[in-house]
Amino acid sequence: MRVSQLLVPTLREVPAEAEVVSHQLLMRAGFIRKAAAGIYTLLPLAWRVVHKIERIIREEMDKQGGQEILMPIMQPAELWQESGRWDVYGPELFRLKDRHGRDFCLGPTHEEIITDLVKGEVNSYKQLPLLLYQIQNKYRDERRPRFGLMRGREFIMKDLYSFDKDEAGLDISYRKMFEAYTNVFRRCGLQFRPVVADSGAIGGSDTHEFMVLAESGEATIVYCDNEGCDYAANEERAESVTPVASPGEAPAKLQKVVTLGCRTINEVASFLNISPQKMIKTIIYSTDKETVAAMVRGDREVNEVKLYNALGCIRLDMADDETVARITGASPGYAGPVDLEGVRLVADHEVMALINAVCGANEDDHHLVNVNPGRDFRPHLVADIRLVKAGDPCPVCGASLREVKGIEVGQIFKLGDKYSKALGATFLDENGQARPFIMGCYGIGVTRTMAAAVEQNHDDRGIIWPVQIAPYHVIVVPISTKDEEQVAVAEQIYRRLNEAGIETVIDDRPDRAGVKFKDADLVGYPLRINVGSRGLATGEVELYLRREGSITMVPVEGVVEAVQNALKTMGYTT
RNA sequence: CGGGAUGUGGCGCAGUUUGGCUAGCGCGCUUGCCUUGGGAGCAAGAGGCCGGGGGUUCAAAUCCCUCCAUCCCGACCA
């Protein structure tokens, strides 16, 4: 391809609306353009990258026995009503009507469609396991699309669904996908980590997320630093270790003290000259069925996902000030569990281990001291509801946990029979018994993976594509297009590289060298060949490595071989 | 959905407070000359319903009302 003909509208300046690096660079380097909030056109270079990621995915899915299909984007409401998700999914589901007034939606995911398909076409255990996947546009009317391709309303996703006759089969399918995902992200040249995750609204038991490690990631993950221990979890899911009650001081008499104007944990702690670890933080939540007082130690945060799971509720929000006042009789900051009526008390394990603690007195400007759980209040539920932090002990081996940020690019789920039961999808087992399929679902955000790759691979000049997913491998730059010899040599190299199966473009634009260099660095071609008078004087050209920024002189005749070697060093395989 | 901000040629911005002639600047684009190793220079051009609608006024990018769009921060997710 000739750069003069290639649609790569690079920008010198960063579009004002782009905040994160991947968004800025993909815009500036001419990969994407926005059509509406969270909806993008992928220009030629981006589309090539997507194809490369898709190819890797297809190979790994096929290797595990996956069969590719293509399901509709537009789906009838009936299926969603049958599964119950038409009502549950909420405003994130793009809904539309046809000319007859029938309801449809744009698929945010395809469990309903595929379960319905398999229900009709697969009847026997002999046909199982069955792994079907597709690479398809997905639609989610995000509350807040942001970060360019990272969180769009329209995006490309690979989703695979597994159908097994029993849990043991599902375990095998799940392990296959775990392996496939590991291979996919490794082959894409990304630094990533699989983590234990929360299953969220989709439901199901086991689930892992695949996180690309990047500072700009929206998710926090904790992992064990201990060699040999591979514990890693999404922060919202990470388990805490139940503290052992330490035999300590003797319980003292409960007392109310004046803490004028001390609302926050820190204010109270410094006013009473105690450590926040001696305090009970009480936060009032409203759920769909009740009001809840959640308690964690003063130096901890409530993990709302854990709380939500512990309560088994559908909705969970921090209570507004009015509710807090009605329940506690005080303004926020003075809530405490002692003599608190009309709410469900939920305490973290750590709270129960406290002796002579401090908490709000349910009265403005007052706190209670020498509070002893069990004696002064009895929670309705004791559970792990706190947020794990770096430095906390690993739940597996006890070593210290660390924290990093990650971008979720894939997630694998064990669904069980949730959808097959709801939609009546059954097969006949060995005994002629009708049983629901045991399902799993496995997603990879393809366009998000592209963005994540940029987040992880860039410098102040632009993108540095991992060679396996680079839109092209090499750009040939004749320094001066007025110099006939340079042009002739560049054209010849361009031709030979393409003939050797190396994806190469030539920057034949009549611009000055600086312009072409800047553009090439911005776009992120892994290799660049400069054809200039300096080198040609000795029959050589320059081979420039984008990531290293290094230049080596290569004789013109040896260019193809040098490029092949360089690509191999970068980990390129066909 | 709550909070904050912004909408002016393709991109980045000024002008709006205090209404006033033909709406400016940089980049990019076109043509010519010149130049050619890290976003050159000179010259001449093209390109705008100043987000939409309504109002106030002799007069609106500017003041008022009202929609809309976009971005950022929070609660949800590949």
Side-chain angles (χ1 to χ4, degrees), chain A residues 9-20 23-24 27-28 30 33-39 89-93 108-110 135-160 181 197-202 207 209-212 218-219 234 236 285 304-305 308 315-318 320 406-413 441-452 461-462 477-483 486 509-522 528 530-536 541-542 544 549 551:
Chain A
T10 54
L11 302 171
R12 291 202 184 190
E13 282 165 298
V14 181
E17 63 185 35
E19 197 67 18
V20 295
H23 190 194
Q24 292 179 344
M27 290 284 293
R28 273 195 68 204
R33 285 295 182 266
K34 186 176 69 175
I39 299 176
Y89 219 94
E92 276 188 24
L93 190 63
T109 172
H110 283 72
I135 297 176
Q136 174 67 285
N137 277 5
K138 302 277 179 175
Y139 295 83
R140 293 187 194 170
D141 197 356
E142 291 282 345
R143 280 187 189 160
R144 187 181 156 205
R146 58 180 146 175
F147 302 152
L149 292 188
M150 210 76 91
R151 175 176 302 277
R153 294 192 292 176
E154 177 181 80
F155 54 95
I156 301 172
M157 183 172 152
K158 185 285 307 183
D159 46 328
L160 183 144
Y181 276 42
D198 185 78
S199 55
I202 298 186
T207 176
E209 289 167 338
F210 285 76
M211 298 282 192
V212 166
E218 292 184 85
N234 190 313
E236 61 189 26
Y285 285 93
E304 294 187 3
V305 172
Y308 175 95
R315 192 178 58 77
L316 177 77
D317 295 298
M318 272 219 225
D320 51 36
I407 300 165
E408 183 187 348
V409 288
Q411 184 160 18
I412 58 181
F413 282 102
C441 75
Y442 316 85
I444 293 178
V446 176
T447 34
R448 182 183 277 186
T449 298
M450 172 164 70
R461 292 178 168 184
V477 179
I479 298 300
S480 168
T481 45
K482 289 258 173 72
D483 183 312
Q486 288 179 35
R509 296 175 300 172
D511 294 84
R512 298 162 62 92
V515 174
K516 300 194 224 183
F517 292 163
K518 292 283 186 196
D519 269 356
D521 284 348
L522 184 57
R528 189 175 81 211
N530 300 332
V531 182
S533 50
R534 287 182 203 162
L536 288 186
V541 294
E542 294 164 359
Y544 165 89
I551 288 180

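We use all heavy atoms of the structure for the numbers below, so side chains are in, but hydrogens, waters and symmetry mates are not. Protein chains get the first letters and strands the later ones, always in sequence-line order, with residue 1 at the start of each.
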Phe155(A) vs Arg28(A), nearer the 5' end of RNA chain B by closest nucleotide: Arg28(A)
First encountered from the 5' end of RNA chain B, between Glu236(A) and Lys516(A): Lys516(A)
Considering only nitrogen or oxygen atoms on both sides, find all protein atoms under 3.5 Å from nucleotides 2-6 of chain B and state each distance.
none

Distance, nearest 0.5 Å, that separates CZ of Arg153(A) from CZ of Arg143(A): 14.5 Å
Approximate separation, where rounding is to 0.5 Å, of Asp521(A) CG and Thr10(A) OG1: 12.0 Å
Out of [options], which has the shortest distance to the side chain of [X]?
X	options	answer
Lys482(A)	rG38(B), rU35(B), rC76(B)	rU35(B)
Arg448(A)	rC76(B), rA78(B), rU36(B)	rA78(B)
Gln411(A)	rU70(B), rA78(B), rC72(B)	rA78(B)
Val515(A)	rA78(B), rA40(B), rG38(B)	rA40(B)
Ala37(A)	rC76(B), rU70(B), rC72(B)	rU70(B)
Asn530(A)	rG37(B), rA78(B), rG38(B)	rG37(B)

Base of [N], side chain of [X] - is there a donor-acceptor contact under 3.5 Å?
X	N	answer
Asp519(A)	rG39(B)	yes
Arg12(A)	rG38(B)	no
Arg146(A)	rG74(B)	no
Arg143(A)	rA75(B)	yes
Lys34(A)	rU70(B)	no

Output the rounded distance in Å from [atom1] ([X]) to [atom2] ([N]).
X	N	atom1	atom2	answer
Phe147(A)	rC76(B)	CZ	P	15 Å
Arg461(A)	rG38(B)	CZ	P	11 Å
His23(A)	rC72(B)	NE2	C1'	13 Å

Sequence-aligned protein contact record of nucleotides 43-48 of chain B, with B where the base is within under 4.0 Å of a protein heavy atom and S where only the sugar-phosphate is: ------
Nucleotides 9-16 of chain B: protein proximity per nucleotide (B base, S sugar-phosphate only, - neither; heavy atom, under 4.0 Å): --BSS---
Is_stacked (Phe517(A), rG39(B)) at 5.5 Å, 30 deg: no
Assigned partner base of rG41(B), Watson-Crick or wobble definition, under 3.5 Å: rC33(B)
Distance under 6.0 Å and angle within 45° of ring axis: Arg528(A) vs Phe517(A): yes
Side-chain N or O of Arg140(A) closer than 4.0 Å to phosphate OP1/OP2 of rC77(B): no
Integer angstrom distance from the C1' of rG2(B) to that of rA75(B): 9 Å
